[in-house]
Amino acid sequence: MIPGIRTNYNGRTYRSRLEARWAAMFDLLRWRFEYEPFDLNGYIPDFILPTSGGEIIVEVKPYTRLEQFDRGKILRAMRGTPWAGHEILLLGATLPRTSDDSAAIGWLGEHGYDPADEDGYWFQCAAFEDNDFCAEHGQYRRRLTGYYDGSPAIGDASALERVWRAAGDAVQWRPGR
């Protein structure tokens, strides 16, 4: 893997420009977050998002597809800790789209949905709508606010992409900076 370029954003140094871009994205969306909040078994989560139902562990990698993430490493690191069973949000170098081409921010891992998997996690698109996100299928509870109306998120992908570009502009390299 190519090493990240340390990037300063909003008074903090991030290990990579991509992590800094996600921090800028969270700021633009007005989401609260903590950067590298604690160590797990050989793994440091990139971010934690405090939500209405607890915290979500966030991992950022320069990937464009769910299959590229080493989900097993994260799950093994969580096993046997108070973080076992927490939801996981995987964020990449681009914004994915849901199966119906709606806005998505990344991939959400929910615990308790896959009995065939020893860790019991199911990963799917994290559909984005109204400045919040939920699982693309199944449990449509919005993760940040806890809002639930029983319907899937069908956010405007072009609006989310504008915020993503603005986050990229916020951390773009500039001479003398």
[atom1] of [X] to [atom2] of [Y]: how many Å apart, nearest 0.5 Å?
X: D132; Y: T145; atom1: CG; atom2: OG1; answer: 4.0 Å
X: H111; Y: W122; atom1: NE2; atom2: CH2; answer: 14.5 Å
X: E129; Y: I154; atom1: CD; atom2: CD1; answer: 5.5 Å
X: D46; Y: L91; atom1: CG; atom2: CG; answer: 8.5 Å

Excluding sequence neighbours, so at least two apart, what forms side chain to side chain donor-acceptor pair (under 3.5 Å) with [X]?
X: T13; value: N8
X: E55; value: none
X: R141; value: none
X: D156; value: S158

**Request:** Check the pair F26 / F47 against ring-ring contact (aromatic ring centres under 6.0 Å, His included), numbers first and verdict last.
**Result:** CA-CA 10 Å; F26 298 156; F47 297 96; 5.2 Å; yes
**Side-chain (W107) to main-chain (R65) donor-acceptor, under 3.5 angstrom** = no
**Asked** Parallel, tilted or perpendicular: which describes the rings of F133 and W31, with under 30° parallel and over 60° perpendicular?
**Response** tilted
Side-chain heavy-atom pair [X], [Y] within 4.5 angstrom cut-off:
X: N41; Y: R76; result: no
X: E161; Y: R165; result: yes
X: M25; Y: F33; result: no
X: D130; Y: R142; result: no
X: W83; Y: I48; result: yes
X: E36; Y: P45; result: no

Of all heavy-atom pairs between [X] and [Y], which one has the smallest distance, and what is that distance?
X: A104; Y: L95; result: O-CB, 3.8 Å
X: A135; Y: Q124; result: CB-NE2, 3.4 Å
X: W22; Y: G92; result: NE1-O, 2.9 Å
X: L144; Y: P50; result: CD2-O, 4.2 Å
X: A167; Y: R21; result: CB-O, 3.5 Å
X: P96; Y: C125; result: CB-SG, 4.4 Å

**Request:** Run the numbers on L89 and I57 for side-chain contact (heavy atoms from CB on, under 4.5 Å), then give the verdict.
**Result:** CA-CA 6 Å; L89 182 62; I57 290 176; over 6 Å; no
**Request:** Treating Ile, Leu, Val, Met, Phe, Trp and Tyr as nodes and any side-chain heavy-atom pair under 4.5 angstrom as an edge, say whether L160 and Y140 lie in one connected cluster.
**Result:** no
**Asked** According to a 4.5 Å side-chain heavy-atom criterion applied to Ile, Leu, Val, Met, Phe, Trp and Tyr, with indirect links allowed, do V171 and L29 form part of one hydrophobic cluster?
**Response** yes
**Request:** Just jot down the salt bridge (charged side-chain N to carboxylate O under 4.0 Å, His left out) partners of R12, sequence neighbours excluded, or say none.
**Result:** none
**Asked** Which residues pass the ring-ring contact (aromatic ring centres under 6.0 Å, His included) test with Y147, sequence neighbours left out?
**Response** none
**Message:** Could you go through R6 and S16, starting from their C-alpha distance and side-chain angles, then the distance that decides it, and tell me whether this counts as side-chain contact (heavy atoms from CB on, under 4.5 Å)?
**Reply:** CA-CA 5 Å; R6 290 190 175 274; S16 71; over 6 Å; no
**Verdict with reasoning, Q68 to K61, per side-chain contact (heavy atoms from CB on, under 4.5 Å)** = CA-CA 9 Å; Q68 294 173 290; K61 291 289 184 205; over 6 Å; no
**Electrostatic pair R71:E59 at N-O distance under 4.0 angstrom** = no
**Prompt:** Is the number of heavy atoms from other residues, nucleotides or ligands within 6.0 Å of CD1 (I44) greater than 12?
**Reply:** yes
